[in-house]
Protein chains: 2
Amino acid sequence: MQYIKIRDAIAEQVSSGALAAGHKLPSERKLAETFATTRVTLREALSLLEADGVIYREERRGWFISHCPLRYDPSFDPDLLEICHKAGRSGAISLISHQHKLADKNATQMLNLLAFSDVLTFDQLLSVDGRPVAKVINTVRDDSLGQVSESILASPLKRILIEQAKESITLESYKISVSSLNDKNASHLRASVGSPVLLIEKRYATENKQKIAYSFEFWRHDAVEVGSSRF
Amino acid sequence: MQYIKIRDAIAEQVSSGALAAGHKLPSERKLAETFATTRVTLREALSLLEADGVIYREERRGWFISHCPLRYDPSFDPDLLEICHKAGRSGAISLISHQHKLADKNATQMLNLLAFSDVLTFDQLLSVDGRPVAKVINTVRDDSLGQVSESILASPLKRILIEQAKESITLESYKISVSSLNDKNASHLRASVGSPVLLIEKRYATENKQKIAYSFEFWRHDAVEVGSSRF
DNA sequence: CAGTGGTCTAGACCACACC
DNA sequence: GTGTGGTCTAGACCACTGA
């Protein structure tokens with residue numbers, strides 16, 4: 001199993017510090033030549049390293065050394081920007097798009113809506129040190145927020161709900177699973193279609209259990225690890 | 001992008017119910033012929049489906065349709081066997097191996113041990129409906145348990161600690177990340193080296209914060225989803 | 001023992017990133 | 001424009017599974 005040896009050789013280079021976080025690996029053709037193999041086998045090795053979070057791929061740009069992952073405690077429901085700040089990284093959220101629209105089947109069910117209700121949906125991109133690491137798809141009941149300006153939609157959902165909602169709101173539940181990126185989400189994250197991601201789903205409700213909002217966060221899996229804060 | 005279409009075609013077959021959970025897909029050569037492509041491209045498509053948890057691979061045995069994932073709330077620290085039971089599935093834990101030994105570097109640090117301390121380590125395999133879905137590697141301070149018989153080591157760690165430890169013990173912290181299987185762990189899970197897994201790390205301590213035990217659970221990622229119980 | 005999956009080769013063409 | 005990564009072909013051999 002040649003690709004195991006290649007993986008180990010590259011992993012060794014990374015952990016020895018010969019390759020620093022954020023640096024680009026040599027081209028696939030050069031690496032294949034270095035290890036006297038073909039690109040197919042080499043890419044097998046690189047995919048393993050990607051699965052382990054040692055390196056990550058940017059579509060058509062190449063392979064890069066991963067940074068230390070962010071720590072994320074879902075039950076505590078932290079502010080995404082605060083997580084970055086506390087880790088000494090520079091985080092930024094940009095608004096990709098937003099729209100008031102009729103709730104689709106999924107939204108109707110998740111928010112317990114009547115037929116023909118409106119929702120506000122907005123997509124965000126979280127970048128850390130300039131690299132897009134998470135795409136967030138938010139959906140909020142249209143009648144639960146006051147008038148919100150576009151600039152506010154580039155804040156973390158939790159912050160928006162706290163500041164704009166008419167009632168006090170808490171994280172009701174969350175779910176974490178492994179998934180893969182579709183076409184659209186992949187391009188925002190400069191990733192390839194089908195790249196593995198960590199999917200974090202969150203639901204918000206008022207104190208008397210009325211469902212208000214939910215979000216899907218698609219995280220590049222090398223960029224985050226989930227755990228209790230005390231860890 | 002041929003492999004996207006192949007993925008979608010197979011996913012469609014699965015969600016339509018034409019292929020039931022646990023069933024085996026046709027051989028790669030047959031599928032490749034069906035979709036008029038080569039095995040390399042076909043396997044690309046299958047890998048995507050695997051990443052999405054739609055199907056899973058058993059080493060040299062082929063590809064199978066995934067079951068509904070188990071729900072796992074790490075902060076609640078559920079009993080693995082109870083999770084299965086509640087989901088109407090039949091779960092079983094088997095003891096792979098166990099050993100009293102000198103703590104290695106990792107154990108010394110995780111348990112805050114003095115040099116030359118002993119630990120008890122034991123590896124377990126969790127099977128659901130006959131399929132091995134998680135390998136658990138446990139490490140416990142040697143001086144914290146009474147005499148334990150081998151049969152007890154086929155119980156969930158939490159249960160062992162509750163029943164056998166001299167003091168009362170709680171889950172101190174946990175961590176969840178995406179990882180990949182090494183040689184040994186892969187073979188116990190009938191998986192391939194490098195298969196993506198969900199890694200759940202847990203640490204246990206006494207009420208006065210003395211670290212007592214920790215475990216690494218390597219889950220086939222199609223078999224589990226993590227979330228708050230209220231979800 | 002037949003067929004399967006695991007691994008690997010040695011190419012090819014294209015669209016895109018970057019210079 | 002050059003080189004890169006993304007995708008695909010058409011094979012091959014081996015070790016193992018399962019009948």
Side-chain angles (χ1 to χ4, degrees), chain A residues 1-10 22-51 55-65 130-132 180-184 186-196, chain B residues 1-10 22-51 55-65 130-132 180-184 186-196:
Chain A
M1 286 182 305
Q2 212 171 330
Y3 66 91
I4 299 286
K5 284 173 195 152
I6 297 174
R7 175 194 66 175
D8 294 342
I10 297 177
H23 279 199
K24 187 177 180 303
L25 288 179
S27 79
E28 293 182 0
R29 285 173 177 82
K30 270 202 190 107
L31 285 172
E33 199 188 348
T34 302
F35 292 107
T37 185
T38 59
R39 276 179 67 208
V40 175
T41 300
L42 176 83
R43 282 170 66 92
E44 192 82 19
L46 294 175
S47 298
L48 287 193
L49 290 165
E50 184 188 30
I55 61 178
Y56 61 93
R57 189 157 47 137
E58 296 216 342
E59 173 86 0
R60 290 195 177 282
R61 248 168 285 252
W63 300 84
F64 301 82
I65 314 297
R131 174 192 173 205
S180 78
L181 289 172
N182 67 19
D183 216 331
K184 193 175 153 198
S187 72
H188 285 133
L189 288 169
R190 299 210 293 251
S192 309
V193 179
S195 289
Chain B
M1 285 181 307
Q2 212 171 329
Y3 66 92
I4 300 285
K5 284 174 194 150
I6 298 174
R7 176 195 65 175
D8 295 342
I10 297 177
H23 279 200
K24 187 177 179 303
L25 289 179
S27 78
E28 293 182 1
R29 284 173 178 82
K30 270 201 190 108
L31 284 173
E33 198 186 349
T34 302
F35 292 106
T37 185
T38 58
R39 276 179 67 209
V40 173
T41 299
L42 176 83
R43 283 170 66 93
E44 192 80 19
L46 294 174
S47 298
L48 287 193
L49 290 164
E50 185 188 31
I55 61 177
Y56 62 92
R57 189 158 46 137
E58 296 214 343
E59 173 87 359
R60 291 194 177 282
R61 246 168 288 250
W63 300 84
F64 301 83
I65 314 296
R131 175 193 173 205
S180 79
L181 290 173
N182 66 19
D183 215 331
K184 192 175 154 198
S187 72
H188 285 132
L189 289 169
R190 301 210 291 251
S192 309
V193 180
S195 289

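Chain naming here is simple, since letters A, B, ... match the order of the sequence lines and numbering starts at 1 in each. The basis for the numbers below is simple: all heavy atoms, side chains too, and nothing from hydrogens, waters or symmetry mates. Just so you know, these numbers come straight off a predicted model, no measurement behind them.
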Exercise. For the atom pair OH (B:Tyr56) and CZ (B:Arg131), what is the distance rounded to the nearest 0.5 Å?
Worked result: 4.5 Å
Please state how far atom [atom1] in [X] lies from atom [atom2] in [N], giving the value in whole angstrom units.
X: B:Glu33; N: C:dG3; atom1: CD; atom2: P; result: 14 Å
X: B:Glu50; N: C:dG5; atom1: CD; atom2: C1'; result: 13 Å
X: A:Leu25; N: D:dT4; atom1: CG; atom2: P; result: 13 Å
X: A:Leu42; N: D:dT4; atom1: CG; atom2: C1'; result: 13 Å
X: B:Arg61; N: C:dG6; atom1: CZ; atom2: P; result: 11 Å
X: A:Arg190; N: C:dC16; atom1: CZ; atom2: P; result: 17 Å
X: A:Leu46; N: D:dT4; atom1: CG; atom2: C1'; result: 14 Å
X: A:Glu58; N: D:dT4; atom1: CD; atom2: P; result: 17 Å

Seminar exercise, completed: Once base and sugar-phosphate atoms are separated, protein heavy atoms under 4.0 Å mark nucleotides 7-15 of chain D, 5' to 3', with B, S and - as BSBB-B--B
Problem set entry | Side chain proximity check, A:Phe35 to A:Ile10, heavy atoms < 4.5 angstrom | yes
Problem set entry | Flag side-chain contact, heavy atom, 4.5 Å: A:Thr37 against A:Leu31 | no
Seminar exercise, completed: The single option from B:His23, B:Glu28, B:Glu58 that satisfies side chain to side chain donor-acceptor pair (under 3.5 Å) with B:Trp63 is B:Glu28
Exercise. Think B:Ser27 has a side-chain N or O under 4.0 angstrom from the OP1 or OP2 of C:dG3?
Worked result: no
For this session: May I have the step-by-step check of side chain to side chain contact (heavy atoms under 4.5 Å, CB included) for A:Arg7 and A:Met1, ending in yes or no?
Result: CA-CA 10 Å; A:Arg7 175 194 66 175; A:Met1 286 182 305; over 6 Å; no
Exercise. Do A:Leu46 and A:Ile6 pass the side chain to side chain contact (heavy atoms under 4.5 Å, CB included) test, and can you show the C-alpha distance, the side-chain angles, and the key distance before you say yes or no?
Worked result: CA-CA 8 Å; A:Leu46 294 175; A:Ile6 297 174; over 6 Å; no
